[in-house]
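This report refers to the structure that appears directly beneath it.
Positions are given from 1 along the sequence.
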Amino acid sequence: MNIHNPHCIIEIAGASGGSARFDSWKNEGLFKSVNVDLTAREASEATVEFHDPKFVYQDKFATASGVARLRSKVWIGYGADLGQPVFDGLLASIERDTDSTTYRFFDMGYLMRQVEETEYHKGLDDLGIIKKLAAQHKLEFEGPDQPVMLDKHKSTIQTGQTDWQYAQECAERSGFVIFVRGNRLFAKEGARSSTPVLELVNKRDFRLLRDYSLRYRAPENQEGRPALVETRGRGRGGKRLQGKSDESPRGGKRRAIKRDLAIRSKAHADRRAKARKELQRVHNFTGTLNLLPSVEVRNLDVRQTVRVLEVGVLFSGKYLIENVSHRFTPGQLATTLDVYRDAMID
């Protein structure tokens, strides 16, 4: 791996079919910058800026009436073999300044964000609705790793929302995080630490900046979340229902109570309580790691686990990746990880 010569390849579908491929090693003088931001819950995006004073490359993709929703793939890393693309998405906008053209792409979930719909969904649970909405945009679907039993809706209405907004609503009330990679929409439960994909040693593999690259917040209990979450509402026939999440075995006794207008069953109430406990909390540890060129970055993504070492007894340990940001300019690649963990993660 030649850390002194980072490599980037961009592939953009042509306006009349086919595709154009641009290589930072072969197309000298073309690349000004490439930024890729990978996240979950929100749209991942790529911004590509080409040096294009005579509009040569801009005109490859544009017509007098506009630009098609072109698909793009981005490869970033070191060496000739860059493996799988780090980004795969659709063109959202083209911007122009004095001598440069900038292309902004969003992940394939962009298809679900275009039109507000009013639609009834019958006989499906929340995962079923998310899968249905994904299929309407020709996206594959991958649910949680273990089967989950959810209540089916007799009928529920999506009122004046985009398909992405409604899928997000379904995900949040049942305790899932949704995100898109390539042609697949994922609906997963809150991330848990696993075998680290990288071991990162301070000053060897990453560096810390000023203004709090690592931060610890004193938890209200040892898991950094309420010890117990309750939901209260009315079920069928106005019956009172109360749902509870599992109760933390350690730490404080803080209890968060959420009121729901309609809860269909006790199992559904419990699920709502667990979802809120898992997904709506402040983490004990958060940090930003600026990776050094010696680290292989092309396969990094959200929800992966890394082990951080030599930052003291408090901050050393396993962290989960929340966001991955790549910043490429000719001859330089900077990758930043936003990470988090709770006191009990190890």
Backbone of [Y] reached by a side-chain donor or acceptor of [X] within 3.5 Å:
| X | Y | value |
| --- | --- | --- |
| T336 | N290 | no |
| S316 | L309 | no |
| Q165 | T162 | yes |
| Q168 | R41 | yes |
| D23 | N27 | no |
| W25 | P6 | yes |
| W164 | G109 | no |
| T305 | S194 | yes |
| N202 | E310 | yes |
| E296 | R298 | yes |

For the CD atom on Q161, are there more than 12 heavy atoms of other groups (residues, nucleotides or ligands in this structure) within a distance under 6.0 Å?
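Yes - once you tally the heavy atoms of other residues, nucleotides and ligands closer than 6.0 Å, there are more than 12.
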Determine, using ring centers only, whether F22 and Y57 are less than 6.0 Å apart.
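Yes, the ring centres sit under 6.0 Å apart.
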Quick check, are the ring centers of F50 and F31 under 6.0 angstrom apart?
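When the ring centroids of F50 and F31 are compared, they turn out to be within the sub-6.0 Å range.
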Side chain to side chain, Q158 and L133, heavy atoms closer than 4.5 Å:
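Yes. Closest side-chain heavy atoms under 4.5 Å.
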Just so I know, are the side chains of L111 and K138 near enough to count as touching, which here means a heavy-atom distance under 4.5 Å?
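SC-SC contact between L111 and K138 ruled out.
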Distance only, no hydrogens: is a donor on one side chain within 3.5 Å (strictly under) of an acceptor on the other, for [X] and [Y]?
| X | Y | answer |
| --- | --- | --- |
| T101 | Q58 | yes |
| R181 | S44 | yes |
| H51 | S100 | no |
| H326 | D37 | no |
| K122 | H153 | no |
| S33 | E49 | yes |
| T286 | R215 | no |
| T39 | N323 | yes |

F315 and Y216: side-chain contact (heavy atoms from CB on, under 4.5 Å), yes or no, with the steps?
CA-CA 8 Å; F315 290 111; Y216 170 76; 3.9 Å; yes
Cationic tip of R96 above F55 ring, under 6.0 Å, 45° of axis
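That pair qualifies as a cation-pi contact.
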Kindly compute the distance separating [atom1] ([X]) from [atom2] ([Y]), expressed to the nearest 0.5 Å.
| X | Y | atom1 | atom2 | value |
| --- | --- | --- | --- | --- |
| H137 | N183 | NE2 | CG | 13.5 Å |
| R21 | I10 | CZ | CD1 | 10.0 Å |
| I130 | D125 | CD1 | CG | 9.0 Å |
| L127 | K152 | CG | NZ | 11.5 Å |
| L214 | L208 | CG | CG | 5.0 Å |
| E42 | D107 | CD | CG | 11.0 Å |

Cationic N near anionic O, under 4.0 Å, K188 to E142:
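A salt bridge links K188 with E142.
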So, are R217 and D342 salt-bridged, with charged N and O less than 4.0 Å apart?
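Answer for the salt bridge query: no.
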Identify the heavy atoms of [X] and [Y] that sit nearest to each other, and give their distance.
| X | Y | result |
| --- | --- | --- |
| T118 | G160 | OG1-N, 3.1 Å |
| L124 | K132 | CD1-CD, 3.9 Å |
| Q304 | D301 | OE1-N, 3.0 Å |
| P293 | Y78 | CA-OH, 3.5 Å |
| G182 | D88 | CA-OD2, 3.8 Å |
| L150 | F176 | CD1-CE1, 4.0 Å |

When you look at V48 and N35, which way does the side-chain contact (heavy atoms from CB on, under 4.5 Å) test go after all the steps?
CA-CA 7 Å; V48 178; N35 297 331; over 6 Å; no
Checking V36 against S325 for the side-chain contact (heavy atoms from CB on, under 4.5 Å) test, could you report, in this order, the C-alpha distance in whole Å, the side-chain angles of both residues, the deciding distance, and whether it holds?
CA-CA 6 Å; V36 175; S325 297; over 6 Å; no
Test R173 against E169 for side-chain contact (heavy atoms from CB on, under 4.5 Å), laying out the working first.
CA-CA 6 Å; R173 70 188 176 205; E169 182 179 307; 3.4 Å; yes
Please step through side-chain hydrogen bond (donor to acceptor under 3.5 Å, both in side chains) for the pair Y166 and T156, ending with a clear verdict.
CA-CA 11 Å; Y166 196 66; T156 184; 2.9 Å; yes
Test salt bridge (Lys or Arg N to Asp or Glu O under 4.0 Å) on D163 and R113; report intermediate values, then the result.
CA-CA 6 Å; D163 287 346; R113 295 177 168 91; over 6 Å; no
Would you call the rings of F106 and Y110 parallel, tilted or perpendicular, where under 30° means parallel and over 60° means perpendicular?
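Ring orientation of F106 relative to Y110: tilted.
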